[in-house]
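Worksheet: the structure to be examined is printed underneath.
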Amino acid sequence: MAQLWGGRFTKETDKLVYNFNASISFDQKFYKQDIKGSMAHVKMLAKQGILTEDERDQILEGLEGILADVESGKLKITSEYEDIHSFVEANLIDRIGDAGKKLHTGRSRNDQVALDMKLYVRDEITEIDALVKEVLVTLEKIMEENIHTYMPGFTHLQKAQPITLAHHMGAYFEMFRRDRGRLADIYKRMNYCPLGSGALAGTTYPLDRAYTAELLGFDGPTLNSMDSVSDRDYVIELLSALSTIMMHLSRFSEEIIIWNTNEYQFVDIDDAYSTGSSIMPQKKNPDIAELVRGKTGRVYAALMSMLTTMKGIPLAYNKDMQEDKELTFDAIDTVKGCLALFNGMLSTMRFKKDRMENSAKNGFTNATDAADYLVGKGVPFRDAHGIVGRLVLYCIDKGISLDDMKLEEYKAISPVFKDDIYDPERQEAPDSESGALFCHAKYPSYHLFHKHQQFHCLLQMPSHVVIRHGFAQLRRAAIPFHGRFQIPRHAPSHRITFAQAIHGSRAVLLCCSFVPANCLFHILFHAFAVVVKPAEIMHGISIPALGGSSIPTDRFRHILFHAFAIAVIPAKAVHAVITSCLSSPPVPVKRPFFVLF
């Protein structure tokens with residue numbers, strides 16, 4: 001039994017006690033981090049004159065040899081060692097002799113294991129972040145390909161309003177984007193080096209903790225030695241972030257499971273990510289989605305266990321903390337596996353667009369838009385709500401949908417309905433002299449493309465998706481090519497703002513007359529101001545006054561006028577809108593309008 005203590009003991013440790021106390025079966029997982037930390041520690045000791053250069057070189061060569069042999073399989077990590085620290089040190093002494101006995105100078109296993117765990121968690125955060133990003137890339141592709149794939153949106157698992165699949169996927173895009181933000185926050189907050197804290201009160205050696213931290217890629221040393229060896233906040237934070245990721249995956253999986261049922265038939269899961277039944281040959285089961293949903297509780301359990309373990313521990317280090325590893329390792333492996341499999345399932349899944357669109361047409365998902373139509377005709381919303389409720393009752397009684405109703409039937413319930421309910425091109429917005437840019441004559445005006453929903457849907461998409469979509473919309477609006485600006489093909493893929501799309505007379509302007517004048521004004525103003533003052537805009541400071549953008553007022557008026565003209569708004573309306581824009585107060589901006597993850 002190889003262990004790093006025993007001088008004051010007169011009896012051998014009981015075998016059961018030794019096995020119960022040992023951690024080599026699981027902490028061998030961070031052998032790389034343990035050796036990496038030891039190398040940095042030895043370099044620091046030599047720099048401070050605590051070790052000679054020859055001793056440093058011997059130890060480093062020995063550690064490199066151990067690492068190479070473990071990775072090649074030549075050297076096995078076995079249960080004869082108490083933990084990974086004793087494994088490394090014992091093998092080092094066997095290889096280089098007495099110089100190896102100086103490896104542990106100026107440190108304790110308490111700060112050593114705290115370092116190993118931080119290094120391991122830090123590496124895993126980077127890997128998990130990359131997996132989440134892959135999911136985002138897949139979602140972005142689905143959104144881009146399904147801007148015009150229509151489906152019902154749900155509340156209470158009942159059809160509520162028509163949406164696009166792109167909009168629906170955009171909701172999960174936002175969830176996973178926040179997950180990446182949480183991982184980045186944890187990484188930043190935990191990135192301080194505990195090595196040099198000793199058992200709890202530091203050491204008498206003249207250690208250079210800042211140098212060790214620098215060698216290991218930390219932002220600096222931790223500031224309190226007692227906290228350094230007993231801190232597991234970063235583990236709890238990671239488990240919390242992983243639980244949130246799994247919650248998002250589980251919600252998504254639940255929807256895929258529902259969409260895959262015979263009753264919905266919205267999706268077809270690829271055979272590679274499905275399984276069958278041992279008795280029912282017709283079955284094609286969404287097992288990956290079900291397992292992801294089931295494994296979520298496993299990750300939750302790790303978080304609850306860790307919180308429970310830490311809640312009663314006095315300062316500083318206690319053996320209870322050894323329980324952090326198995327929980328964390330299992331949660332990390334579970335999340336990584338689920339992300340990889342889920343992304344594969346999602347990227348190969350086929351969406352049944354016709355089925356989704358037909359479902360959106362039924363269930364009265366356009367009832368709210370019908371009410372908005374009446375409001376546009378001057379009917380108070382509460383009255384419009386009641387009128388549409390009567391329409392729905394009428395349709396239920398007749399076994400038809402709102403789309404199937406004839407104009408006479410509409411008028412029988414409310415004379416406010418006109419024949420323009422079937423012709424979106426002849427409708428006018430209540431606050432504009434022009435029609436909607438985003439409307440399709442295929443559907444009644446209140447169906448699928450109502451004003452606020454379409455623009456909101458665009459705002460949920462990554463910027464270059466929005467830009468391409470806007471360009472396509474202008475093309476469908478029959479605007480000549482020279483009336484549009486070309487998309488900047490050289491824009492960087494990792495970060496593209498609306499400003500970059502506009503700057504240099506290369507614009508795709510998503511100008512919709514249904515957007516309030518002052519809102520559109522400030523979106524455009526933000527786009528130009530960000531070119532001049534990116535730091536202020538990106539950090540959420542209010543948009544500067546018009547004169548502070550370094551764009552002359554007359555020039556800015558010309559830009560606005562041209563922008564609205566592209567949207568096919570009559571000159572009279574443009575003049576009125578610009579006048580309203582220039583008289584409106586600035587609107588604070590919390591974050592850039594169009595920024596890719």
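Quick note: numbers below take in every heavy atom, side chains included, and nothing from hydrogens, waters or symmetry partners.
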Heavy-atom side-chain proximity of [X] to [Y] below 4.5 angstrom:
X      : Y      : answer
Lys32  : Tyr120 : no
Val113 : Lys325 : yes
His148 : Thr164 : no
Ile245 : Ile128 : yes
Val121 : Lys118 : no
Lys141 : Val137 : no
Leu75  : Phe87  : yes
Ile84  : Lys29  : no

Checklist entry - Run the side chain to side chain contact (heavy atoms under 4.5 Å, CB included) check on Leu216 and Lys36 step by step: do they pass? => result CA-CA 8 Å; Leu216 293 170; Lys36 180 180 180 180; 3.9 Å; yes
Taking [Y]'s backbone N and O only, do any of them form a donor-acceptor pair with [X]'s side chain (distance below 3.5 Å, no angle check)?
X      : Y      : result
Tyr192 : Ser228 : no
Gln48  : Met44  : no
Ser359 : Arg355 : no
Arg107 : Leu195 : no
Thr155 : Ala160 : no
Asp330 : Glu326 : no
Ser305 : Ala301 : yes
Arg122 : Gly217 : yes
Arg209 : Thr222 : yes
Asp333 : Ala331 : no

For the residue pair [X] and [Y], what are the closest heavy atoms and their distance?
X      : Y      : value
Pro162 : Thr365 : CD-O, 2.7 Å
Pro286 : Ile269 : CB-CD1, 3.6 Å
Asp83  : Ser23  : CB-OG, 3.4 Å
Met190 : Phe218 : O-CE2, 4.5 Å
Asn110 : Gly198 : CB-O, 3.9 Å
Leu103 : Ser38  : CD1-CB, 3.8 Å

Got a second to check how far [X]'s [atom1] is from [Y]'s [atom2], nearest 0.5 Å?
X      : Y      : atom1 : atom2 : answer
Ile66  : Leu92  : CD1   : CG    : 5.0 Å
Ile332 : Ile125 : CD1   : CD1   : 8.0 Å
Leu67  : Leu63  : CG    : CG    : 9.0 Å
His41  : Ile59  : NE2   : CD1   : 9.0 Å
Met143 : Leu136 : CE    : CG    : 9.5 Å
Thr261 : Ile256 : OG1   : CD1   : 12.5 Å

Next on the checklist: Is there a side-chain hydrogen bond (donor to acceptor under 3.5 Å, both in side chains) between Thr309 and Asp320? Walk through the geometry before answering.
Outcome noted: CA-CA 7 Å; Thr309 297; Asp320 313 44; over 6 Å; no
For [X] and [Y], which I'm curious about, is there any donor-acceptor pair between the side chains at under 3.5 Å?
X      : Y      : value
Asp111 : Ser108 : no
Gln33  : Asp123 : yes
Tyr81  : Gln28  : no

Checklist entry - Only one of Met175, Met169, Arg293 forms a side-chain contact (heavy atoms from CB on, under 4.5 Å) with Phe252, so which one is it? => result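 Looking at Met175, Met169, Arg293, the match for Phe252 under the side-chain contact (heavy atoms from CB on, under 4.5 Å) is Met169.
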Checklist entry - Is the shortest distance from a Lys or Arg side-chain nitrogen in Glu124 or Lys336 to a carboxylate oxygen in the other one below 4.0 Å? => result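 So Glu124 pairs with Lys336 through a salt bridge.
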Checklist entry - Any Lys/Arg nitrogen of Arg109 or Glu82 sitting under 4.0 Å from an Asp/Glu carboxylate oxygen of the other? => result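 Result for this pair is yes, salt bridge flagged.
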Checklist entry - Under the 6.0 Å and 45° cation-pi test, does Lys353 pair with Tyr150? => result no
Next on the checklist: One pair to check against side chain to side chain contact (heavy atoms under 4.5 Å, CB included): Leu165 and Phe351. What are the steps and the verdict?
Outcome noted: CA-CA 9 Å; Leu165 179 58; Phe351 295 95; 3.6 Å; yes
Next on the checklist: side chain to side chain contact (heavy atoms under 4.5 Å, CB included) for Glu255 and Tyr172? Distances and angles first, verdict last.
Outcome noted: CA-CA 11 Å; Glu255 292 205 298; Tyr172 286 105; 2.6 Å; yes
In terms of heavy-atom contacts, does [atom1] of [X] have more than 12 from other residues, nucleotides or ligands at under 6.0 Å?
X      : atom1 : answer
Glu61  : CD    : no
Lys319 : NZ    : yes
Lys159 : NZ    : yes
Lys102 : NZ    : no
Glu214 : CD    : no

Checklist entry - Please walk me through it: do Arg350 and Asp270 pass salt bridge (Lys or Arg N to Asp or Glu O under 4.0 Å)? => result CA-CA 7 Å; Arg350 184 174 64 87; Asp270 191 85; over 6 Å; no
Item to check | Partner residues of Met247 under the side chain to side chain contact (heavy atoms under 4.5 Å, CB included) criterion, sequence neighbours left out | outcome: Thr244, Arg251, Tyr300
Item to check | Worked check of side chain to side chain contact (heavy atoms under 4.5 Å, CB included) between Asp268 and Lys284 | outcome: CA-CA 10 Å; Asp268 183 15; Lys284 183 178 179 181; 3.1 Å; yes
Next on the checklist: If you apply the rule salt bridge (Lys or Arg N to Asp or Glu O under 4.0 Å), what do you find for Arg182 with Asp185, and how did you get there?
Outcome noted: CA-CA 5 Å; Arg182 274 183 281 271; Asp185 289 342; over 6 Å; no
Item to check | Residue of the set Phe154, Phe173, Trp259 for which ring-ring contact (aromatic ring centres under 6.0 Å, His included) holds with His168 | outcome: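 The option that passes is Trp259.
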